[in-house]
Novice: 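If you scroll down you'll find the structure; I have some questions about it.
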2 protein chains.
Amino acid sequence: MAGMVTQGATYELFYWPSIQGRGEFVRLALEAAAAPYVDVARLPAEQGGGAKVLTALLAATDGGGPFFAPPVLRHGAVTLSQTAAILQYLGPRLHLVPDDEASRLKANHLQLTIADFVLETHDTHHPIASSLYYQDQQAEALRRAVLFIRNRIPKYLGYFERVLETNVAGGGQRTVGAALSYVDLSLFQIMVGLGYAFPRALARMAAGLPRLVALCDRVAAEPAVAAYLASPRRIPFNEHGIFRYYPELDP
Amino acid sequence: MAGMVTQGATYELFYWPSIQGRGEFVRLALEAAAAPYVDVARLPAEQGGGAKVLTALLAATDGGGPFFAPPVLRHGAVTLSQTAAILQYLGPRLHLVPDDEASRLKANHLQLTIADFVLETHDTHHPIASSLYYQDQQAEALRRAVLFIRNRIPKYLGYFERVLETNVAGGGQRTVGAALSYVDLSLFQIMVGLGYAFPRALARMAAGLPRLVALCDRVAAEPAVAAYLASPRRIPFNEHGIFRYYPELDP
């Protein structure tokens with residue numbers, strides 16, 4: 001797979017070192033393509049790592065910044081932020097999107113819809129403010145989660161199930177085109193993340209989402225993805241990221 | 001300005017006909033460039049307009065869809081959704097972004113950050129669920145709005161003020177490059193929208209945001225923008241869109 005990487009410079013990912021978060025969508029693409037990359041903030045401080053490196057890069061103004069938030073990707077002279085923009089940049093370079101313009105536009109709008117879903121998912125445990133602890137907005141979170149499970153998960157996942165179903169080139173198995181794309185990888189992450197945070201809700205819905213469930217299994221079985229998931233590079237889910245398991249939110 | 005439009009096909013915008021919403025960021029770009037466009041859902045039903053046309057297009061699978069939500073732009077054989085993706089497509093065609101790749105990447109990440117801010121702003125009056133009335137989540141909205149005003153507006157607007165300040169090519173007057181861009185237009189919309197929804201909060205902050213305030217005045221004075229804002233094509237702010245005025249949320 002390393003031969004698929006057509007450009008020489010090593011990719012440098014800057015993201016919080018202790019969570020999957022939004023950075024995970026980028027990690028999955030880099031890993032699935034066996035691309036040469038460094039997860040910079042996870043390096044020891046004496047090797048140039050640590051969260052301070054990340055916050056300094058956000059504020060820097062010499063390469064497209066300042067940036068509002070991580071993830072940030074640096075590749076040679078290019079520095080860019082926003083998950084969907086990073087994947088749009090990486091897609092052609094990692095052969096994780098078809099060559100034609102229509103497919104690339106489709107991949108981008110799907111990824112942007114995933115970004116919206118991610119933000120909605122995060123706010124399920126933080127409906128009032130990110131600056132407050134979950135415990136200080138638990139009553140509101142309980143109210144939001146019920147409706148998120150009832151209305152929003154089915155709306156988003158039902159949509160992506162339809163995207164799979166109607167992608168003729170992919171035979172119902174791929175979201176865009178006929179081969180593995182960064183959108184497939186991101187939907188895998190959405191499915192396992194929701195399965196972590198809302199296992200009971202997702203189990204009830206699985207029968208109605210056969211293509212998404214199958215996609216998930218297929219992505220997990222990709223050799224490079226399977227190797228990554230089994231490695232210490234895959235940070236376990238925890239209660240600091242987007243997908244958090246609070247049993248009371250998944251009755 | 002019409003001479004700036006380099007492609008022949010008329011742009012067709014599909015968006016809810018009675019609100020500014022996310023569609024307004026696209027309308028502003030089309031209007032500022034005096035591009036030939038049709039705001040399809042606002043046409044009378046007998047001319048092919050109405051919200052049903054929009055919902056049918058969202059579900060259609062023959063041109064990049066199905067799409068999750070409007071706005072959707074159709075241009076010749078191209079159909080795409082997601083505000084930031086539409087502006088990324090329109091930018092070069094309407095001469096609303098510089099020619100170089102670095103500037104285009106920067107414009108895109110700024111626009112995606114604006115999209116995040118828009119979603120956060122919307123949820124200020126709908127912190128529990130879009131499916132509930134504001135009145136049914138007013139207590140939570142009051143709690144969220146206080147922190148949104150205290151922390152989030154200053155964080156986002158402070159960031160964009162710094163973007164203006166550090167854009168040397170624009171002399172502190174443009175977000176990207178030296179000329180008017182779609183990001184400038186979107187920040188104008190953010191500022192007037194926040195000024196509508198949170199007039200007291202924004203008045204308190206204005207002195208600390210001199211470049212954003214000046215940008216806003218400059219955009220409003222662009223002849224094509226001024227003509228648009230004075231026309232019936234500009235839908236007035238109302239309590240159905242992203243920016244809503246509920247006095248109790250802006251004490």
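Below, chains carry the letters A, B, ... as their sequence lines are ordered, and counting in each starts from 1. Values reported hereafter were calculated over all heavy atoms of this structure, with side chains retained and with hydrogens, waters and symmetry mates removed.
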Novice: Can you tell which part of A/Ala85 gets under 4.5 Å to a heavy atom of chain B, answering side chain, backbone, both or neither?
Specialist: both
Novice: Quick one: which of B/Ala77, B/Ala129, B/Ala139, B/Ser81 has the most heavy-atom pairs under 4.5 Å with chain A, could you say?
Specialist: B/Ser81
Novice: Tell me whether the rings of B/Phe68 and A/Tyr159 are parallel (<30°), tilted (30 to 60°) or perpendicular (>60°).
Specialist: perpendicular
Novice: Measure distances from A/Ser131 to the heavy atoms of chain B and classify the residue's part below 4.5 Å as side chain, backbone, both or neither.
Specialist: side chain
Novice: Would you check if A/Arg143 and B/Leu132 make a side-chain contact, meaning some heavy-atom pair closer than 4.5 Å?
Specialist: yes
Novice: Less than 4.5 Å to any heavy atom of chain B: does that hold for the side chain of A/Thr61, its backbone, both, or neither?
Specialist: side chain
Novice: Nearest 0.5 Å please: distance from the CG atom of B/Leu105 over to the CD atom of A/Gln82.
Specialist: 12.5 Å
Novice: Using non-hydrogen atoms only, which part of B/Thr166 is less than 4.5 Å away from chain A: side chain, backbone, both, or neither?
Specialist: side chain
Novice: So which part of A/Phe160 gets closer than 4.5 Å to some heavy atom of chain B, the side chain, the backbone, both or neither?
Specialist: neither
Novice: Kindly indicate whether the side chain of A/Leu112, heavy atoms from C-beta on, has any atom under 4.5 Å from the side chain of B/Leu112.
Specialist: yes
Novice: Give, as side chain, backbone, both or neither, the part of B/Phe148 having an atom under 4.5 angstrom from any heavy atom of chain A.
Specialist: neither
Novice: Is it the backbone or the side chain of B/Ile86 that comes under 4.5 Å from a heavy atom of chain A, or both, or neither?
Specialist: neither
